[in-house]
Amino acid sequence: MKLFVSEGAPGTLSVLAAAGWAQGRTELLISTVGPEECVVPFLTRPKVPALQLDSGNYLFSTSAICRYFFLLSGWEQDDLTNQWLEWEATELQPALSAALYYLVVQGKKGEDVLGLVRRALTHIDHSLSRRSCPFLAGETESVADIVLWGALYPLLQDPAYLPEELGALHSWFQTLSSQEPCQRATETVLKQQGILALRPYLQKQPQSSFLEGRAISNEPEEEELAALSEEEIAMALAAWEKGLGSLPPLRPKQNPVLPVAGERNVLITSALPYVNNVPHLGNIIGCVLSADVFARYSRLRQWNTLYLCGTDEYGTATETKAMEEGLTPQEICDKYHVIHADIYRWFNISFDIFGRTTTPQQTEITQDIFQRLWDRGFVLQDTVEQLRCEHCARFLADRFVEGVCPFCGYEEARGDQCDKCGKLINAIELKKPQCKVCRSCPVVKSSRHLFLDLPKLEDRLEKWLEKTLPGSDWTPNSRFIIRSWLRDGLKPRCITRDLKWGTPVPLKGFEDKVFYVWFDATFGYLSITANYTDQWERWWKNPEQVDLYQFMAKDNVPFHGLVFPCSVLGAEDNYTLVSHLIATEYLNYEDGKFSKSRGVGVFGDMAQDTGIPSDIWRFYLLYIRPEGQDSAFSWTDMLLKNNSELLNNLGNFINRAGMFVSKFFGGYVPEMVLTSNDQRLLAHVALELQHYHQLLEKVRIRDALRSILTISRHGNQYIQVNEPWKRIKGSEADRQRAGTVTGLAVNIAALLAIMLQPYMPTVSSMIAAQLQLPPPACSILPTDFLCTLPAGHQIGTISPLFQKLENEQIESLRQRFGGGQLEESLALKAKVSPKPAIVETVTIARPQQIQVLMDEVTKQGNIVRELKAQKADKNQVAAEVAKLLDLKKQLALAEGKPLETPKGKKKK
């Protein structure tokens with residue numbers, strides 16, 4: 001067979017991707033021709049792509065060629081797939097051709113382009129959402145997915161044309177884009193030019209007839225509500241009328257939480273943060289906050305849930321930090337474990353356990369797994385060349401070395417992994433290596449080490465993945481990362497290091513070495529659970545009954561999806577393995593990266609000092625969660641989302657609904673007589689609630705948040721259209737209508753309270769208190785929209801939920817966390833200090849100096865609190881308080897803040 005393609009012809013993407021699915025089933029010659037070359041002899045106009053079959057016949061429509069390739073690969077046709085192919089040809093292609101012509105040929109942008117295809121994109125999104133399947137025709141890719149993906153890719157590769165609210169479409173597109181045949185097709189067709197590669201082809205095409213006669217308008221199109229069947233409306237009404245009585249019983253609390261036979265047992269971990277660093281917003285959203293949302297949701301679904309995390313305390317990074325601060329590794333761990341715990345407590349992270357890895361249980365479990373691997377022949381010995389710093393007189397562990405990545409050229413690659421390309425590195429492979437301690441150039445010397453024989457374990461891993469991945473919720477990036485590792489072939493990996501701070505190696509001749517942290521850090525989940533309960537094996541050696549969800553950023557995927565599974569599969573002790581590996585992309589800060597040393601970005605301990613409540617931070621981080629691609633924190637966007645989505649949408653609706661009950665009906669929910677329009681609203685809310693569940697069950701956390709905001713918008717629109725504040729002054733029928741609208745609106749507010757709980761737990765509790773929600777409505781998230789607040793229910797006092805963020809406030813915070821403006825800001829503050837009575841010499845402190853003082857204040861504050869808790873001698877307490885006040889004074893001066901005159905106590 002011979003496939004004719006043309007550079008820049010949009011249909012080429014689909015046919016090349018489909019050909020990838022049929023690879024190995026037939027011999028295929030691909031020939032690139034010009035866009036005006038007639039390769040099909042009986043057509044009057046050029047047509048590519050075209051497929052010449054071995055019989056001499058031709059196929060020359062994209063869908064026909066793709067269908068042929070899929071049939072070769074064993075795919076069976078079905079009616080739904082054919083329907084999608086018909087829709088693509090008749091509905092999507094005309095609109096998409098016009099959009100691409102506008103964008104590439106005429107240079108139009110934004111809504112001029114997106115408006116042409118918005119209806120088609122929404123249709124795809126709604127179809128994916130309502131079927132609750134990852135692909136258009138079911139659980140696996142079909143020819144329809146490839147044809148639509150290839151058609152849409154040139155446009156949707158630019159995130160500006162992939163609306164955030166279309167979460168199902170977004171996930172579908174990212175999943176397909178990460179598939180290897182699709183990636184090869186994009187590299188072939190678009191090369192490095194992106195959408196501009198299509199320009200020569202599109203310029204030769206006639207202007208789309210779709211554009212002719214199209215009315216020009218700057219008015220946005222109204223958001224279309226999904227079409228509802230009479231059956232859906234009837235089902236929504238029936239569920240509503242059942243009320244709280246239809247909720248399942250509240251499951252009793254356990255302590256400790258242990259798996260229960262016959263129930264869904266959900267074990268959730270978030271990647272263990274390195275103890276030596278203060279986590280920034282990207283660390284928080286990538287691991288603990290995302291996992292917290294799912295853990296809270298899991299508990300609301302009455303699933304038996306255990307959520308654990310802890311600080312990763314062994315390894316080079318801890319030794320490095322200890323050297324920098326002049327402390328022992330144990331002192332560093334003790335100090336920063338408290339800092340981490342305080343930060344996560346402020347962010348309202350609902351751990352069942354927050355532990356640490358420097359425990360006897362960690363040593364016992366790690367050494368046991370190692371011994372089982374050693375006994376079964378999965379550990380090798382070898383002499384390796386290592387970097388040794390002659391100036392420091394020590395072998396350099398990986399994180400004591402920096403240099404140029406041998407794969408991508410990144411100049412700040414570590415000795416174990418490149419943060420830019422994600423590849424693991426042997427330190428001696430680095431170009432221009434430097435010792436991080438003294439900055440001298442190390443030399444290569446030999447040392448004997450142990451290796452995990454990954455090639456010998458590869459078959460076991462492959463079989464496990466074949467059984468696990470279908471039907472699981474591994475994110476597309478985690479699947480792609482593991483596939484790329486396996487495609488390149490696994491290699492033995494060193495599991496020991498010449499360090500003191502780590503888990504000792506229980507093998508003769510290796511007493512002076514410890515296990516490499518990447519080998520034993522993931523065993524920390526097991527040891528942390530073992531510190532929580534001596535029945536830890538009921539969670540971690542129980543794969544038949546336990547569903548394990550693991551949350552992390554994408555750089556941690558190889559350790560959780562490959563190294564840990566290989567280790568415990570080789571140990572042959574029936575360990576629980578990850579069912580759902582949830583990896584985010586990276587969160588950047590404004591236009592760059594977070595950097596504590598340069599004062600750039602918001603770190604966990606700083607968020608508390610901004611005056612912005614933790615729930616607002618949670619909301620915004622989850623709203624921009626980097627699910628399918630990197631995203632960026634933006635102060636301006638945070639202001640806009642707070643003021644528009646929270647204040648004007650969500651807060652406005654819930655406040656109005658509650659105030660109408662208080663003002664017009666004396667604080668009691670009025671009688672509701674539902675009209676057909678009210679019943680349709682019930683069904684729309686129920687459909688969005690169902691969508692919310694579908695998304696969270698698939699751990700699409702950011703997209704599920706949009707469902708909450710969509711329901712709130714429905715509620716606001718409902719109130720605006722029905723105007724209860726006017727009807728309450730009218731006839732008896734008008735007053736009754738005002739009561740129905742108010743009663744339905746306040747019940748929507750009650751539903752939003754429980755839907756918000758995984759995202760904004762404090763705000764959720766505030767709404768529950770204001771509406772006086774019954775206890776079951778606060779603890780169980782229904783799958784249907786129920787009448788939670790029946791007529792006669794008395795609510796509490798209604799007050800605003802959110803505060804407006806002002807431009808001046810946000811600009812001040814942007815300057816404070818911008819790094820480059822730090823010194824200028826400090827000098828300015830010193831100059832305009834409003835209290836000149838106290839004269840102090842202000843010196844501009846470096847960010848590192850400020851951090852040291854902040855650490856000292858925290859340490860001294862802990863000392864004072866402990867003395868007070870122990871009811872120590874007053875003079876001793878007073879002396880330590882004086883030290884604390886002096887440290888705070890030094891910190892204030894370093895930050896350029898004005899000093900306040902001490903306030904005396906008021907006399908009673």
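Owing to the predicted nature of the structure, the values given are computational and were not obtained by experimental measurement. Here, residue 1 is the first one in the sequence, and each next residue gets the next number. Only heavy atoms go into these numbers, but all of them, side chains included; no hydrogens, no water, no symmetry mates.
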Open item on the list: Assess the residue pair His560 and Phe551 against the criterion (ring-ring contact (aromatic ring centres under 6.0 Å, His included)); give the C-alpha distance rounded to whole Å, side-chain angles, the decisive distance to 0.1 Å, and a yes or no.
Closed with: CA-CA 10 Å; His560 293 76; Phe551 289 78; over 10 Å; no
Task: Validation row, ring centre Phe354 to ring centre His337 under 6.0 Å - done: yes
Open item on the list: Can you confirm whether or not the ring centre of His340 sits under 6.0 Å from the ring centre of Tyr336?
Closed with: no
Should [X] and [Y] count as an ion pair when the cut-off is N to O under 4.0 Å?
X      : Y      : answer
Asp498 : Arg388 : no
Arg356 : Asp312 : no
Lys432 : Glu411 : no
Arg460 : Glu572 : yes
Glu325 : Lys321 : yes
Lys463 : Asp459 : no

Under a 3.5 Å threshold, yes or no: a donor from one side chain and an acceptor from the other, between [X] and [Y]?
X      : Y      : answer
Asp520 : Thr503 : yes
Thr468 : Trp464 : yes
Glu585 : Asn477 : yes
Thr383 : Arg448 : yes
Lys513 : Ser447 : yes
Asp547 : Ser579 : yes
Arg439 : Gln434 : yes
Glu313 : Thr358 : yes

Task: Arg493/Asp453 under side-chain contact (heavy atoms from CB on, under 4.5 Å): CA gap, chis, key distance, verdict - done: CA-CA 7 Å; Arg493 293 295 301 181; Asp453 194 351; over 6 Å; no
- [ ] Would you check if the side chain of Asp342 reaches a backbone N or O of Ile339 as a donor-acceptor pair within less than 3.5 Å?
- [x] no
TODO: Check for a donor-acceptor pair, side chain of Arg372 on one end and backbone N or O of Ala571 on the other, with a separation under 3.5 Å.
DONE: yes
- [ ] Please indicate whether Glu324 has more than 12 foreign heavy atoms, meaning atoms of other residues, nucleotides or ligands, lying under 6.0 Å from its CD.
- [x] yes
Open item on the list: Counting neighbours of CD on Glu385 that are heavy atoms of other residues, nucleotides or ligands and sit closer than 6.0 Å, is the number greater than 12?
Closed with: no
Open item on the list: I'd like to know whether Glu319 forms a side-chain contact (heavy atoms from CB on, under 4.5 Å) with Phe400, so could you lay out the CA-CA distance, the side-chain angles of the two residues, the decisive distance to 0.1 Å, and finally the verdict.
Closed with: CA-CA 9 Å; Glu319 282 197 2; Phe400 278 91; 4.0 Å; yes
Task: Phe564/Phe559 under ring-ring contact (aromatic ring centres under 6.0 Å, His included): CA gap, chis, key distance, verdict - done: CA-CA 6 Å; Phe564 178 79; Phe559 309 115; over 10 Å; no
Task: Candidate pair Asp292 and Ser350, rule side chain to side chain donor-acceptor pair (under 3.5 Å), full reasoning - done: CA-CA 6 Å; Asp292 182 61; Ser350 61; 2.5 Å; yes
